[in-house]
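Contents: one structure, followed by commentary.
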Amino acid sequence: MSSVLYDAPGPKSRARSRLISVIGTIILAAGLLALIVVLGLPKASANGAVQPGLWDISRWDVFNDLLVWRTLGFGALATLRMAAVAAVFALLIGVLFSFGRLSASAWIRVPTTVLLEFFRGMPVLLMMLFILLVFATGSFWAGVAALSVYNGAIIGEALRAGINALPRGQREAGLAIGLTPVATRFRIEFPQAFRQMLPIIIAQLVVLLKDTSLAFIVGYNELLRAGLNQLANFFGDQYKFSFFFIVLAIYLTLNLSLSWLARRIAKRTGPQAGSVTTDSAAPVDPHLGDPHAVDAESRSHASQGG
């Protein structure tokens, strides 16, 4: 079967694609294995001293200390705390931005557009430093405010796109039954747009969770600072790679878990989630009753009359 834009690949093309995929996988696996081997080799420093490889047991015995895991746990909880608070404010700010961008009044729409584009174009780290230095909010609220405003602007644009993608009849129906324009947008358009854009919103929250590591610069004791600053300075530089590896694993676990949640929600809220399966039975008319029951009753009367 062919398409308007391209022809479906034939047997030779499919075989060639499979071969290229296998070769590419082998090359990637070989490169990863070579990297693991090289990192595990002993290293000679400038003064002639030989340092053990990164996979040597002497670089990992520090994780037998309960203090290490307690510090990493507190750092992970601090990261999740900042991400959770910033996510709530980002959703609220996103709703306000979407409503302002869709306002019929230019006095509201134009300033909202200017602010939204300004916050979208401003680096998050620079925003954190600005809030910390100008408003003296402390490292936690500087990080929360910057993450909320930046991600709120992105979420606001996603919600605006979702509302614009709805059929115009949705809004016209709301106005026809006597709802005000604001009530129509809030009660009819916004819930549908939010459900439609929910996977994109959750994907943006994954970005928010990763960006909490930027609070390391403003002094917030999150996971990155706890692992690569406090623990590495306390136990020595020989454990720096080990702490880096564990912190990376924790970040990947958190982000992949949230990404898995986003895929699950996308599957549940997609078009296939709302589809209704129909069988071969005829629909029931509330005035006529079940057509099958009517046919059975007609056959009964016919047999009695015969």
[X] [atom1]: over 12 foreign heavy atoms closer than 6.0 Å:
X	atom1	result
Phe140	CZ	yes
Phe241	CZ	yes
Tyr150	OH	no

Notebook entry, point to check: Of all residues at least two apart in sequence or in a different chain, which pass the side-chain contact (heavy atoms from CB on, under 4.5 Å) check with Leu96?
Noted result: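 None.
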
Give a yes or no answer on whether the side chain of [X] reaches the backbone of [Y] with a donor-acceptor pair at less than 3.5 Å.
X	Y	value
Gln204	Ile200	no
Arg120	Ala153	no
Thr212	Ala83	no
Arg101	Thr113	no
Tyr220	Ala78	yes

Note to self: Applying a strict under-4.5 Å side-chain criterion to I, L, V, M, F, W and Y, I'd like to know whether Val110 and Phe118 cluster together.
What the structure shows: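 No.
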
Check: When clusters are formed by joining ILVMFWY residues with side-chain heavy atoms under 4.5 Å apart, either directly or through shared neighbours, do Phe74 and Leu223 land in the same one?
Finding: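 They do not share one cluster, since no chain of ILVMFWY contacts under 4.5 Å joins Phe74 to Leu223.
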
Next item on the list: Under the ring-ring contact (aromatic ring centres under 6.0 Å, His included) rule, what do Phe243 and Phe63 come out as? Steps first, then yes or no, please.
Entry: CA-CA 9 Å; Phe243 289 129; Phe63 293 102; 5.5 Å; yes

Next item on the list: Taking only Lys NZ, Arg NE, NH1 and NH2, and the carboxylate oxygens of Asp or Glu, determine whether Glu222 and Arg225 approach each other closer than 4.0 Å.
Entry: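 No salt bridge links Glu222 with Arg225.
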
